[in-house]
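For reference, the structure is listed below as structure tokens.
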Amino acid sequence: MIKQLIKYAKGYGVRAVFASLAIIVEVLLEVFIPFVMKDVINQGILGDAGMTIVIQKGLLMVGLALASLFFGVLSARLSVVASAGFAKNLRQAIFYKIQDFSFANIDRFSSASLITRSTTDVTNLQMAFMMGVRMLVRAPVMLVAATIMAIKISSDMGIVFAFGLPVLSITMVIISVTAFPRFKTMFTKYDNMNARVQENLIGMRVVKAYVREGHEEKIFDDAAQGVMDAQVRAEKIVIWNMPVANFTLYACMIATCYIGGQNILAGSMLTGDLMSFISYIAQILSSIMMITMIFINFVMSRASASRVIEVLNEKIDITDSEADRDLKVEDGSIEFDNVSFSYAKDGNNLTLKNINLSIKSGETIGIIGGTGSAKSSLVQLIPRLYDVYDGSIKVGGHDVREYTLENLRDGISMVLQKNVLFSGTIKDNLRWGDNDASDEEIREACKSAQADNFITSFPDRYDTELGQGGVNVSGGQKQRLCIARALLKKPKVMILDDSTSAVDTATDARIREEFKKHHGGTTTIIIAQRISSVIDADRIIVMNDGEIDGIGTHRELMESNEIYRQVYNSQQKGVA
């Protein structure tokens, strides 16, 4: 686990090494100070050397303290920069990994969980890294150095620590084994709470429309209580660490004072030696406390590390490592050859079954069907948002797996069911389709999508700032902006997945008319619930339970397909 994460310190390793070296120098200087103090007491205060030795040794102690301070500050600065750089690299790696996720990979993680892993978990690892660079070096070096100096002063009294260390070691092992799974459960509860917050913020308007604030507050309270309970359950184990450490070490200190006092009375030990020995006990106590703090932090960060590594080790479902880098989509022809698909990758749980379909370049294809008939699943296979379970799909005469994902998706524009706009201006959002598009090209695309009229009605026109997710435009306006964005790619294939559902029928008709007039060479696939949206298509596909139930023109399907006829008649009754 550590080996896999430490590579993300690349570029900051030198700082981390120098921080560790600086902390070693700081500790050695700090440990030497009580040894000098021993001579001040024995020779200067209680001995015959007088103030001369006190001044000399005192100045030496001040110099050692200042030098120790300098190296301590240097170490702190270097370790902060190194740990921040490590966290930056790790967050970057997680973000880049998520960008490579296929839809199937995304389905395995909730967005709230990915946010928690990229923020809270990485912060925990950042703290662990900084403590590893500084405290994990400082504490053992001080423990060893102070113990050596203490034994050098009195080997008999140094044996006292041999009884305390096994107690602390056993305590740490027991806490580690018991607390780790509890912290992992706590982070899972944390994910659940974040998911509730995220869902509530996104759906705030729905919550208020249905006056469900009380219901949402109850759900959040339960989630927050779950986090607290899990945290308390984990901390109940960890809190034993400090009391056991304190008990053991103060027991050692009491024993040291008793034995040292007896030695002074017996004349086998000087007062200065005992004072220095007690200072070394304080340093040993301090180092043990640091080790316990590091230990607690590492127990928590171990749970965070496992969650971060889970994302980094996620196997990407869809790759293009063996694709032809020079192959691009030349035309909009599409062919499904006995295609089957399963979200679960299970042949006994197929969403699409034995699909055979040939679409000519430039055709307009309509797709209708009931909810759950796999209309969206069918079109999501064309740009490889998911991969087929069996069979093959060709675009432009080549299997989609022969293209790089970039080249394939550059040739295919898709307006998804859920329309997403980003913070920034309308123009910024539209340029997702073509970053180099001119203002005139942007406006022409918006005219085709019937978006130009409402955009020019805004005071800032195309420079109007959109709120997060496009909250300051209506659903129909959002759909038209997404269509315009897709048109700017000048694709060979255009897929509209129920993307005019919030648009009135007159505007829908004008959009289709513009497509025919200006984008006739583009293969257009329209998924719709309204037959009026696909009635003029060259062919219409009727989906039912993951299979093609019928293909033909409106007239042909009215004569031959019962499902199509029922849908048409029910919608005509609604119009009547």
### Task
Could you tell me which residues satisfy ring pair (Phe, Tyr, Trp, His ring centres under 6.0 Å) with Phe341, sequence neighbours excluded, listed by chain and number?
Tyr343, Tyr386
### Query
Hey, mind stepping through Glu216 and Phe220 against side chain to side chain contact (heavy atoms under 4.5 Å, CB included) and telling me if it holds?
CA-CA 6 Å; Glu216 288 297 313; Phe220 176 79; over 6 Å; no
### Query
Has the side chain of Asp320 got a donor or acceptor atom that lies under 3.5 Å from a matching backbone atom of Leu405?
yes
### Main-chain N/O of Ile412 paired with Lys489 side-chain donor or acceptor, under 3.5 Å
yes
### Message
Do Arg431 and Leu488 have side chains that approach each other closer than 4.5 Å (heavy atoms only, starting at C-beta)?
### Response
no
### Message
Rounded at 0.5 Å granularity, tell me how far CG in Asp545 sits from CG in Leu352.
### Response
10.0 Å
Side-chain donor-acceptor pairs of residues 367-376 under 3.5 Å, sequence neighbours excluded:
residue: Ser373; atom: OG; partner: Gly370; partner atom: O; Å: 2.7
residue: Lys375; atom: NZ; partner: Gly369; partner atom: O; Å: 3.1
residue: Lys375; atom: NZ; partner: Gly370; partner atom: O; Å: 3.2
residue: Ser376; atom: OG; partner: Asp497; partner atom: OD1; Å: 3.1
residue: Ser376; atom: OG; partner: Asp497; partner atom: OD2; Å: 2.8

## Note on the structure
Taken to the nearest 0.5 Å, the spacing of Ile365 CD1 from Ile359 CD1 works out to 5.0 Å
### Query
How about Phe454 and Arg480: do any of their side-chain heavy atoms sit closer than 4.5 Å?
yes
### Ile382 vs Ile495 side-chain heavy atoms within contact, under 4.5 Å
yes
### Message
What I'd like to find out is whether the side chain of Gln529 reaches to under 4.5 Å of the side chain of Val567, using heavy atoms alone.
### Response
no
### Task
Find out whether Phe103 and Ile318 are in side-chain contact, i.e. whether some heavy atom of one side chain is under 4.5 Å from a heavy atom of the other.
no
### Query
Out of curiosity, Lys360 NZ to Thr523 OG1, how far, rounded to the nearest 0.5 Å?
11.5 Å
### Task
Determine, for Glu314 against Lys97, whether the closest basic-nitrogen to carboxylate-oxygen distance falls under 4.0 angstrom.
no
### Task
Check whether any side-chain heavy atom of Asp337 lies under 4.5 Å from a side-chain heavy atom of Lys394, and answer yes or no.
no
### Task
Output yes when Lys345 and Asp317 qualify as a salt bridge under the 4.0 Å nitrogen-oxygen rule, no when they do not.
yes
### Task
Please say whether more than 12 non-hydrogen atoms of neighbouring residues, nucleotides or ligands are located less than 6.0 Å from CD in Glu562.
yes
### Message
Quick check against the 3.5 Å criterion: does Arg117 have a side-chain atom that pairs as donor or acceptor with the backbone of Arg307?
### Response
yes
### Query
Does some side-chain heavy atom of Lys328 sit less than 4.5 Å from a side-chain heavy atom of Asp410?
no
### Query
Just checking, any donor-acceptor pair under 3.5 angstrom between side chains of Asp229 and Gln225?
yes
### Side chain Asp549, main chain Asn561, donor-acceptor under 3.5 Å
no
#### Entry: Met131 side, atom CE; Ser79 side, atom OG - distance, nearest 0.5 Å
11.0 Å
### Query
Roughly how far apart are Leu408 CG and Arg401 CZ, rounded to 0.5 Å?
11.5 Å
### No-hydrogen, no-angle side-chain donor-acceptor test under 3.5 Å, Arg91 and Thr123
yes
### Query
Sub-3.5 Å donor-acceptor pair from the side chain of Tyr403 to the main-chain atoms of Val395, do we have one?
yes
### Query
Is the backbone of Gly332 close enough, under 3.5 Å, to the side chain of Ser361 for a donor and an acceptor to pair up by distance?
yes
### CG on Leu381 to CD1 on Ile334, rounded to 0.5 Å
11.5 Å
### Message
Is it the case that the side chain of Arg15 and the backbone of Ala82 share a donor-acceptor pair, with hydrogens and angles ignored and the cut-off at 3.5 Å?
### Response
no
### Contacts of type ring pair (Phe, Tyr, Trp, His ring centres under 6.0 Å), residue Tyr8, not counting sequence neighbours
none
### Message
For the backbone of Thr524 and the side chain of Thr522, can you confirm whether one donor and one acceptor N or O come within less than 3.5 Å of each other?
### Response
no
### Query
Distance-only, no hydrogens or angles: does the Asp222 side chain make a donor-acceptor pair with backbone N or O of Ile219 under 3.5 Å?
no
### Message
A side-chain contact here means heavy atoms from C-beta on lying under 4.5 Å apart; do Leu312 and Leu90 qualify?
### Response
yes
